[in-house]
Visitor: 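One structure, pasted below without further comment.
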Amino acid sequence: MRLLEGKNIIVTGASRGIGNGIANKLAEQGANIAFTYLSSELEAKKLESNIKDKGVKCIGYKSDASDFDSANKLISSVLEDFGSIDVLINNAGITRDNLILRMKEDDWNNVIKINLNSVFNLTKSVLGFMLKNRSGSIINISSVVGLKGNAGQSNYAASKSGIIGFSKSIALEVGSRNIRCNVVAPGFIETEMTDSLSDKYVDEWKQKIPLKRLGTTNDIANTVLFLSSDLSSYITGQVIPVCGGMLT
Ligand code: NAP
């Protein structure tokens with residue numbers, strides 16, 4: 001028996017990177033997947049067809065997670081198309097790095113809007129259904145940077161710390177209705193988000209990681225699988241760093 005047989009799961013920002021890895025992994029465990037993307041049409045079509053090949057239902061929705069009305073519309077469409085929602089994974093995110101004195105106001109506002117407002121938008125929208133259904137798991141993708149900060153990423157760190165405070169509060173608000181809310185805090189993961197960094201910078205980071213390697217999207221997807229499944233049914237309000245021991 002697969003761990004997520006018949007569950008309906010939303011993953012935001014799954015056209016590339018970590019979200020893509022999560023969507024594939026959960027589908028392999030029997031989940032039907034509703035995923036979102038913003039601009040990567042071709043990648044989204046490819047993901048939709050790959051996942052359908054695994055014998056589960058899959059629909060990709062072009063939807064801006066940072067826009068409140070779009071998030072509401074998305075949840076209504078998914079409920080219409082799938083009938084119910086068991087798990088929400090808030091993964092969509094961006095970086096606009098710079099030292100604070102050089103950071104433009106737009107870089108601050110866009111990162112907060114896409115990384116943090118999106119989590120509010122989707123969580124608020126999905127809870128209407130989950131509260132009635134008295135069941136659900138919400139998994140928010142933060143970062144180790146949200147726990148320890150990082151020079152040149154004050155906007156990103158603020159958004160990712162915000163996700164942690166938000167998630168713990170939601171866990172306290174809705175636990176009595178059998179709805180869980182947890183956070184995964186990835187370390188340095190190989191994706192397009194990290195591709196642009198120089199080899200020298202990446203090698204220096206590897207030396208600081210006890211497991212001496214960057215993480216993979218599969219490392220994150222395995223943790224999200226655990227939090228999506230009933231194996232984690234007594235876990236809520238927690239932050240799980242998946243970082244090769246970087247925070248140790
Ligand atoms: P990525 O490769 O850049 O992919 C980002 C995904 O988010 C894409 O599918 C993109 O869709 C989507 N997206 C961006 N803005 C969106 C919006 N407004 N609405 C809907 N979707 C949107 O990033 P990643 O490395 O996989 O990161 C995924 C998450 O993990 C992010 O929250 C990131 O902060 C977090 N994280 C990553 C690392 C790392 O080392 N990579 C470490 C810690 C945390 P389109 O392509 O269609 O625009």
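For ligands, and for the atoms within them, numbers begin at 1 and follow the listed sequence. Only heavy atoms go into these numbers, but all of them, side chains included; no hydrogens, no water, no symmetry mates.
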Visitor: What I want to check is whether the side chains of S66 and N117 have a donor and an acceptor closer together than 3.5 Å.
Guide: no
Visitor: Give the minimum heavy-atom separation between F226 and L231, together with the two atoms involved.
Guide: CE1-O, 3.6 Å
Visitor: Is it the case that the side chains of T216 and D219 hold a donor-acceptor pair, with the cut-off being a distance below 3.5 Å and no angle test?
Guide: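 Short answer, yes.
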Visitor: Give one line per pair: atom of ligand 1, protein atom, distance. Only N/O to N/O under 3.5 Å.
Guide:
| unit_1 | atom_1 | unit_2 | atom_2 | d |
| --- | --- | --- | --- | --- |
| ligand 1 | 3 (O) | R16 | NH1 | 3.3 |
| ligand 1 | 9 (O) | G13 | O | 3.3 |
| ligand 1 | 9 (O) | S15 | N | 3.4 |
| ligand 1 | 9 (O) | S15 | OG | 2.7 |
| ligand 1 | 9 (O) | R16 | N | 3.4 |
| ligand 1 | 11 (O) | S15 | OG | 3.2 |
| ligand 1 | 18 (N) | D64 | OD1 | 2.9 |
| ligand 1 | 19 (N) | A65 | N | 3.0 |
| ligand 1 | 25 (O) | T191 | OG1 | 2.6 |
| ligand 1 | 26 (O) | I18 | N | 2.7 |
| ligand 1 | 32 (O) | N91 | O | 2.7 |
| ligand 1 | 32 (O) | K160 | NZ | 2.9 |
| ligand 1 | 34 (O) | Y156 | OH | 2.5 |
| ligand 1 | 34 (O) | K160 | NZ | 3.0 |
| ligand 1 | 36 (N) | Y156 | OH | 3.4 |
| ligand 1 | 40 (O) | I189 | N | 2.8 |
| ligand 1 | 40 (O) | I189 | O | 3.2 |
| ligand 1 | 41 (N) | I189 | O | 3.3 |
| ligand 1 | 41 (N) | T191 | OG1 | 3.1 |
| ligand 1 | 46 (O) | S15 | OG | 3.3 |
| ligand 1 | 46 (O) | R16 | NE | 2.8 |
| ligand 1 | 46 (O) | R16 | NH2 | 3.0 |
| ligand 1 | 46 (O) | S40 | OG | 2.5 |
| ligand 1 | 47 (O) | S15 | OG | 3.2 |
| ligand 1 | 47 (O) | L38 | N | 2.8 |
| ligand 1 | 47 (O) | S39 | N | 2.7 |
| ligand 1 | 47 (O) | S40 | N | 2.8 |
| ligand 1 | 47 (O) | S40 | OG | 3.4 |
| ligand 1 | 48 (O) | S39 | N | 3.4 |
| ligand 1 | 48 (O) | S39 | OG | 2.9 |

Visitor: Examine the side chains of K160 and N115 and answer whether a donor and an acceptor come within less than 3.5 Å of each other.
Guide: no
Visitor: Does any N or O in the side chain of S232 come within less than 3.5 Å of the main-chain N or O of L227, such that one atom is a donor and the other an acceptor?
Guide: yes
Visitor: Nearest 0.5 Å, please: how far is CD in E173 from SG in C181?
Guide: 10.0 Å
